[in-house]
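Throughout, protein chains are lettered first and strands after them, A, B, ... in sequence-line order, and every chain is numbered starting at 1.
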There are 2 protein chains.
Amino acid sequence: MLKSAERPVEQLLELMGHKGVFTILRSLQNGPLRFGVLQQLTNLPPRTLSLRLKELEELRLISRTEYNEVPPRVDYALTERGRGLEPALEALAAWEEKSLR
Amino acid sequence: MLKSAERPVEQLLELMGHKGVFTILRSLQNGPLRFGVLQQLTNLPPRTLSLRLKELEELRLISRTEYNEVPPRVDYALTERGRGLEPALEALAAWEEKSLR
DNA sequence: CAGAATCCTACAAGATACTG
DNA sequence: CAGTATCTTGTAGGATTCTG
């Protein structure tokens, strides 16, 4: 799945091209979120969400934190590298805004 | 192919997620280019390049101009809407720069 | 709750050959 | 030159069911 021959931006865009990924990144800008919440926000089936989260982790854009609690609790947050993406996310959101008018 | 139910940014990212599309858009920032040149820049087979260019046209990000000459000549250029994408392209390129260091 | 396992269908994308 | 036609293989991603 990881095509290391590609430029980082191509890897990134390939991942962001998948359904829900932009929403995931944007949502995490406001702080960590749990699996279940991301599922509701993106409307992805668990299998697909799980795949995307792993790929985002592989690219070191998000981190996964597991708490030893019952019931289980896990949350996902932007990494430093992921936060470096924020200007691009904003630019894309701004473009969308403009293109809706 | 056109999933009109999606938000513009999701449509855009789905398209930009395909191989070569980022390169196409970036290259066109410097002015119109011909099919053959885009083929060399992206390393895409003609069929795939042709598909991507049509999809970019559908989203009104690029325009196609055909000249009645022999041999045939066609070129592609960013539209106004496509130029609206430039801040995002720059942000992505900047992110890549940073992430390489 | 947070996923993993299994199954399925549609389409991505590359290779190759051909043409107005 | 700028594509189209045809064929093949891999993967996306949705549905559903199950579990540590």
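Few gaps surround CD on A:Glu69; more than 12 heavy atoms of other groups in view lie less than 6.0 Å from it.
Checked against B:Leu56 for a side-chain contact (heavy atoms from CB on, under 4.5 Å), the options B:Leu25, B:Leu12, B:Leu78 give a single hit: B:Leu25.
Not one N or O on the side chain of B:Arg26 forms a donor-acceptor pair closer than 3.5 Å with the backbone of B:Ala93. Looking at B:Thr79, its side chain does come within 3.5 Å of a backbone N or O of B:Arg60 through a donor-acceptor pair. Between the side chain of A:Thr42 and the backbone N or O of A:Leu38, at least one donor-acceptor pair lies under 3.5 Å.
In the model, B:Glu90 has a side-chain atom that pairs as donor or acceptor with a side-chain atom of B:Gln29 under 3.5 Å.
For the pair B:Val74 and B:Arg34, the minimum side-chain heavy-atom distance is 4.5 Å or more.
The CG-C1' distance, from A:Leu44 to D:dT16, rounds to 16 Å in whole Å. Taking atom CZ of A:Arg52 as the reference point, atom C1' of D:dT11 lies 10 Å away to the nearest angstrom. Taking atom OH on B:Tyr76 and atom P on D:dA2, their separation rounds to 9 Å, with Å as the unit. Rounded to an integer number of Å, the gap from B:Gln39 CD to D:dG3 P is 10 Å. We find that CG of A:Leu56 is positioned 13 Å from P of C:dG3, with the value rounded to whole Å. Distance CG (B:Leu13) to P (D:dG13): 13 Å, rounded to an integer number of Å. C:dA12 atom C1' lies 15 Å from atom NZ of A:Lys19, rounded to whole Å. When rounded to the nearest whole Å, the span between CG of B:Leu33 and P of D:dG3 equals 13 Å.
Contact annotation: A:Ser50 does not reach the phosphate of C:dA2 (side-chain N/O to OP1 or OP2, under 4.0 Å). Within the 4.0 Å cut-off from OP1 or OP2 of C:dA12, not a single side-chain nitrogen or oxygen of B:His18 is found.
Heavy atoms of A:Leu49 sit nowhere under 4.0 angstrom from any nucleic acid atom. Across all strands, B:Leu51 comes closer than 4.0 Å to no nucleic acid atom at all (heavy-atom distances).
One N or O donor and one acceptor, one from the side chain of B:Arg47 and one from the base of C:dG14, sit under 3.5 Å apart.
The residues A:Glu80 and A:Arg83 are annotated as salt-bridged, a charged nitrogen and a carboxylate oxygen being separated by less than 4.0 angstrom.
The side chain of B:Lys54 lies closest to D:dT4, out of C:dC1, C:dG14, D:dT4. Considering only side-chain atoms of A:Thr48, the nucleotide from C:dA2, D:dG13, C:dG14 that sits closest is D:dG13. Here the nucleotide nearest the side chain of B:Phe35, chosen from C:dA4, C:dA13, D:dA2, is D:dA2. Comparing C:dC1, D:dA2, C:dA4 by their nearest atom to the side chain of B:Val74 picks out D:dA2. The side chain of A:Pro45 lies closest to D:dG14, out of D:dA2, D:dG14, C:dA2.
Take the nearest nucleotide of DNA chain D for A:Pro46 and for A:Pro72: the residue whose nucleotide is more 5' is A:Pro46.
The stretch residues 60-71 of chain A does not touch DNA chain D, since none of its heavy atoms comes less than 4.0 Å from the strand.
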